[in-house]
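Here's the structure we're looking at; comments come further down.
Just so it is clear: chains get the letters A, B, ... in the order the sequence lines come, proteins before strands, and each one is counted from 1.
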Protein chains: 2
Amino acid sequence: MTRQLKQTEKSPQRNVRKRRREIVDAAARVFAERGYHGASTQDIADLLGMRQASLYYYFDSKETALEEVCALGAAGFVEKAEEIVRNGLPAQERLCQLLAAHIAPLDHRADYTRTFLNERKWLPMESRRKVGRMSRRLEAIFERVIREGIRNGEFRNDLNPRMTTLALLGMMNAVSTWYERESIPLDRIAELFGDLALNGASNTDAD
Amino acid sequence: MTRQLKQTEKSPQRNVRKRRREIVDAAARVFAERGYHGASTQDIADLLGMRQASLYYYFDSKETALEEVCALGAAGFVEKAEEIVRNGLPAQERLCQLLAAHIAPLDHRADYTRTFLNERKWLPMESRRKVGRMSRRLEAIFERVIREGIRNGEFRNDLNPRMTTLALLGMMNAVSTWYERESIPLDRIAELFGDLALNGASNTDAD
DNA sequence: TGATAATTCTATTGCACTATAGAAAAATAG
DNA sequence: CTATTTTTCTATAGTGCAATAGAATTATCA
């Protein structure tokens, strides 16, 4: 009650973090499957074989859990994109890498990604804004690559960078909705979609 | 109780339908804004200035209202697409028309469209299947146009029709998430996205 | 081992929500 | 105007849910 520092500080802290993470994992899965409002804290507890009330030892509220899932779902997204945008490759190549990076998390963190994409709109004001800023940063990265590509002649100069960005992000975000049904690996999707984005569907050979 | 047909059949029936439609409109708006699980029947009633319990004179359940919103949100979608696919124009032109038709409902029925796209997954089994069949028909139409375009040389023969379909539908479906923020008319979006889909971002002029 | 702290449990509160029952009010018809 | 039907209302049952309180259990460590 007074000061129980020293030994009791490190070891339990680590276990708490580990358990917290297990709970967030379960929450991500439940939120991704049933939606935030459709999921109950009981669902999360069931998945872990623990009691509903026990969750509150680790989380203040269901909303807090959503915040954590979304934060983890968003983590690395922008960082990875900023890394790609600085790699000095041609704009075409960088754009393809951005597309690939955008769906890569679906491989090992699909629940987080889906929750982030579909449920972040239910976040409370403050964290929703934070997430919104991240989205805008990502969009800005896409737009920047597109503008650079236009400037150096790699891309058509009649492209609308904003609309192109929204088109490509929409295309990639949708992957989370069907890629578990369609048996096709993510890198193949990235390849096909990158090709489509760069070259379009039209045949330029003949005619 | 026995048979009160004749006069009492037509006039009230019509008013019931009208009121039902007003309620479905309100439901569509509320579902689109807060999601099916996040919306309450009270929210719907508030929008109409009526009591929550009065809704049940017109609907058996909240779920029934969702079914109706989704049905109306889906209506005309496939029909319009089938009409386009039969119009004998070049595949490129037909594809662009399909893209334009896909976002057209956002103009006058955004609430229905958004509910259909985002909330249909909460429909009960049966109606979810019905909606699923419609989606598959629409995808088949896209794929068919793409295959025809490949066959007659309008499209590249290394296109994957399935993946191209999913890419384009994803791109168009995403429009509903941002088009109210971005001040750009739908026909302009259709134009830009059609161009991107056909020709890609790359510059084929120089180099 | 015995004390202390960490974790999970049982039990419950209080609220929001869907849906039903039946009365009241409004509209319509004879 | 009265009777009948249609529509909306009040009141409430019943359920599920998030969250809290505090006891019981388990782990940690001297």
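- Sorted by residue number, the members of residues 43-71 of chain A with any non-hydrogen atom under 4.0 Å from DNA chain C read A:M50, A:R51, A:A53, A:S54, A:Y57, A:Y58.
- Nucleotide D:dT6 holds its P atom 16 Å from the CZ atom of B:R20, rounded to whole Å.
- Residue pairs that meet the side-chain hydrogen bond (donor to acceptor under 3.5 Å, both in side chains) test with at least one member in residues 128-141 of chain A, sequence neighbours left out, are A:E82-A:R137, A:R120-A:S135, A:E139-A:R162.
- Atom CG of B:D60 sits in a sparse spot, with 12 or fewer heavy atoms from other residues, nucleotides or ligands closer than 6.0 Å.
- One can place CG of B:N15 at 11 Å from C1' of C:dT28, the figure rounded to the nearest angstrom.
- Test A:R29, A:K62, A:R34 against A:D43 for salt bridge (charged side-chain N to carboxylate O under 4.0 Å, His left out) and you get one pass: A:R34.
- Under 3.5 Å, the side chains of A:Q52 and A:T41 contain a donor-acceptor pair of N or O atoms.
- Taking atom CD of residue B:Q42 and atom P of nucleotide D:dT10, one finds them 11 Å apart after rounding to whole Å.
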Kindly determine whether A:E33 and A:R114 satisfy salt bridge (charged side-chain N to carboxylate O under 4.0 Å, His left out), including the steps that lead there. CA-CA 9 Å; A:E33 241 164 56; A:R114 285 176 57 198; over 6 Å; no
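- Remark: B:R19 is not in phosphate contact with D:dT6, judged by side-chain N or O atoms under 4.0 Å from OP1 or OP2.
- Applying the 4.0 Å criterion to OP1 and OP2 of C:dC17, one finds that B:T41 has every side-chain N and O outside that range.
- Atom CD of A:E79 has more than 12 neighbouring heavy atoms from other residues, nucleotides or ligands inside a 6.0 Å radius.
- Contacts with DNA chain D (heavy atom under 4.0 Å) in residues 21-40 of chain B: none are found.
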Kindly determine whether A:E22 and A:K18 satisfy salt bridge (charged side-chain N to carboxylate O under 4.0 Å, His left out), including the steps that lead there. CA-CA 6 Å; A:E22 289 173 359; A:K18 201 170 166 185; 5.8 Å; no
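- With contacts defined as side-chain heavy-atom distances shorter than 4.5 Å, the pair B:L66/B:F31 qualifies.
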